[in-house]
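Quick notes on the structure that follows.
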Amino acid sequence: MDFSLSEEQEILRKNIIRFAREVLNEGAAQRDREETFSRELWQKCAEIGLQGLPVPEEYGGSGLDPVSCAVALEAFGYGCHDGGLVFSLCAHLLSCVVPLWKFGNEEQKRRYLPPLCDGRMVGVHAMSEPGSGSDAFSLRTKANPDGRGFRINGTKTFISNGPVADLVIVFALTDQKKGYYGGVTAFLVESGSPGFQASRKFEKMGLRTAPLGELVFEDVFVDADAVLAGVGAGSTIFTHAMDWERALLFASHAGTMERLLDQAVEYARTRVQFGQPIGKFQAVSHPIADMKVRLEAARLLAYKAAWLLDRGKNLAIEAAAAKLFISESFVKGAFDTVQIHGGYGYMVEYEVERVLRDAVASTIYSGTSGMQRNIIARWLGL
Ligand SMILES: Cc1cc2nc3c(=O)[nH]c(=O)nc-3n(C[C@H](O)[C@H](O)[C@H](O)COP(=O)(O)OP(=O)(O)OC[C@H]3O[C@@H](n4cnc5c(N)ncnc54)[C@H](O)[C@@H]3O)c2cc1C
């Protein structure tokens, strides 16, 4: 077993960290305050290939294997202080670009992957509905056959990048009786389609630079060639997208956990109270030691899941374990870092309160912590 990064991966990591620090961080607090999604920074990320990391070069991507993608996204989460931008980009990449690349036919891939990789298009994944979140397959959005295609009706909610979407992978019922087992279909819908509306942008606790909203489909007509991987393939596509997301989006969070650790160590070394650096008090140093342990475990879980992806193996339990552990460790580490900074930690200027606000959502999206425990328990035969 070899835990070292290859020379290419080391270079990739360094380049992304340098890029993020030089280009993406300035003004992050202001964008957070004003809830601004920066299309300009999105474009800059595309210029270094972030939006198409694993996509083959012939479709405009960078052609990286999943473990190298984990390295890249971990570096992105480490170097980029704009957690909303990291999240937006990962959601686009892992829940729209990847399923399109994995399940699209040649024409769909040639048409959409280049603009999704080069920054011209923002992609979204629309599954959740007002009445169906954890129980995603109790969805109500329907796609009924109509001539050469389908008519889609329904409302999707909490959709990352929804307000700025150009291309939507939307999941709809095509056979209510079959449901999960072949009754759900994924469709590619362009945002300009008549009847489609990005109707509502939500105000959120964190990830404020990542726009999130509701999408309404009112008699939206799509041609039969907008079906992704065949009628009834929706559950396979959804599950596969979740595997990628749980492994690799959470690799980016491991990167941010490392930045928090650096910040906590630095502060504990330099802040003096009672005549000594606060890091000399075990009440301060032990939570930091625990952050280090959780970071190491988080990284191993994310890399193992990415390694399984690379080998095309079932990773349901490993992806759920990575997602569960990293998200909960991320929240705990962010909370502890705020505490270690005392009153300063509560101030916007120190940037740790923002990470805490951003981190909380990680225990909810890609399936809540409760649902990850359910998945793990089910695979254990419980
Ligand atoms: C920032 C953010 C981005 C998101 N992006 C997207 C996106 O791009 N696309 C998309 O489709 N969706 C997206 N979502 C939606 C997300 O997937 C759902 O919020 C999530 O699956 C939970 O669904 P819910 O909010 O309806 O909560 P519910 O399902 O109503 O759950 C409420 C609570 O009940 C618990 N619970 C429910 N059922 C069970 C059970 N069987 N066992 C144990 N506990 C249970 C949950 O764990 C949770 O604590 C996003 C959400 C957030 C916060």
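Bear in mind the structure is a predicted one, so any value in this text is a computation, not a measurement. Atoms within each ligand, like the ligands themselves, are counted from 1 in listed order.
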Does the distance from a Lys or Arg side-chain N to an Asp or Glu carboxylate O, for [X] and [Y], drop under 4.0 Å?
{"X": "Arg299", "Y": "Glu258", "value": "yes"}
{"X": "Arg111", "Y": "Glu106", "value": "no"}
{"X": "Glu351", "Y": "Arg354", "value": "yes"}
{"X": "Lys142", "Y": "Glu129", "value": "no"}

Should the proximity of Leu212 to ligand 1, defined as any heavy atom under 4.0 Å, be assigned to the side chain, the backbone, both, or neither?
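The part of Leu212 near ligand 1 is the side chain, not the backbone.
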Below 4.0 Å, non-hydrogen atoms only: which portion of Ile364 touches ligand 1? Side chain, backbone, both or neither.
both
Before we go on, tell me: are the rings of [X] and [Y] under 6.0 Å apart, centre to centre?
{"X": "Tyr59", "Y": "Tyr112", "answer": "no"}
{"X": "Phe150", "Y": "Phe221", "answer": "no"}
{"X": "Phe87", "Y": "Tyr365", "answer": "yes"}
{"X": "Phe250", "Y": "His253", "answer": "yes"}

Nearest non-hydrogen atom to atom 9 (N) of ligand 1 belongs to which of His125, Arg373, Met127?
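When every heavy atom of His125, Arg373, Met127 is considered, His125 comes closest to atom 9 (N) of ligand 1.
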Close-contact set for ligand 1 against Ile159 heavy atoms, below 4.0 Å:
7 (C), 8 (O), 9 (N), 10 (C), 11 (O)
May I ask you to list the atoms of ligand 1 that are less than 4.0 angstrom from any heavy atom of Phe87?
3 (C)
How far is [atom] from the closest protein heavy atom, and which atom is that?
{"atom": "atom 39 (C) of ligand 1", "value": "Met371 SD, 3.8 Å"}
{"atom": "atom 24 (P) of ligand 1", "value": "Gly133 CA, 3.9 Å"}
{"atom": "atom 6 (C) of ligand 1", "value": "Phe158 O, 2.8 Å"}
{"atom": "atom 44 (N) of ligand 1", "value": "Gly370 CA, 4.5 Å"}
{"atom": "atom 41 (N) of ligand 1", "value": "Asn374 ND2, 3.4 Å"}
{"atom": "atom 37 (C) of ligand 1", "value": "Ser134 OG, 3.7 Å"}
{"atom": "atom 1 (C) of ligand 1", "value": "Tyr365 CD2, 3.6 Å"}

Using distance alone, with no hydrogens and no angle criterion, decide if Ser366 and Glu245 have a side-chain donor and acceptor under 3.5 Å apart.
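On atom types as modelled, these side chains qualify, holding a pair under 3.5 Å.
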Does the side chain of Thr209 pick up a donor-acceptor pair with the side chain of Asp82 at under 3.5 Å?
yes
[X] N/O under 3.5 Å from ligand 1 N/O:
{"X": "Lys204", "answer": "no"}
{"X": "Thr368", "answer": "yes"}
{"X": "Ser132", "answer": "no"}
{"X": "Ser128", "answer": "yes"}
{"X": "Ser160", "answer": "yes"}

Protein contact for atom 32 (C) of ligand 1 (heavy atom, distance under 4.0 Å)
no
From atom 49 (O) of ligand 1, is the closest protein heavy-atom distance below 4.0 Å?
no
Between Phe196 and Phe217, how do the two ring planes meet: parallel, tilted or perpendicular, split at 30° and 60°?
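Perpendicular.
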Would you call the rings of His341 and Tyr267 parallel, tilted or perpendicular, taking 30° and 60° as the class edges?
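Aromatic pair His341/Tyr267 classed parallel.
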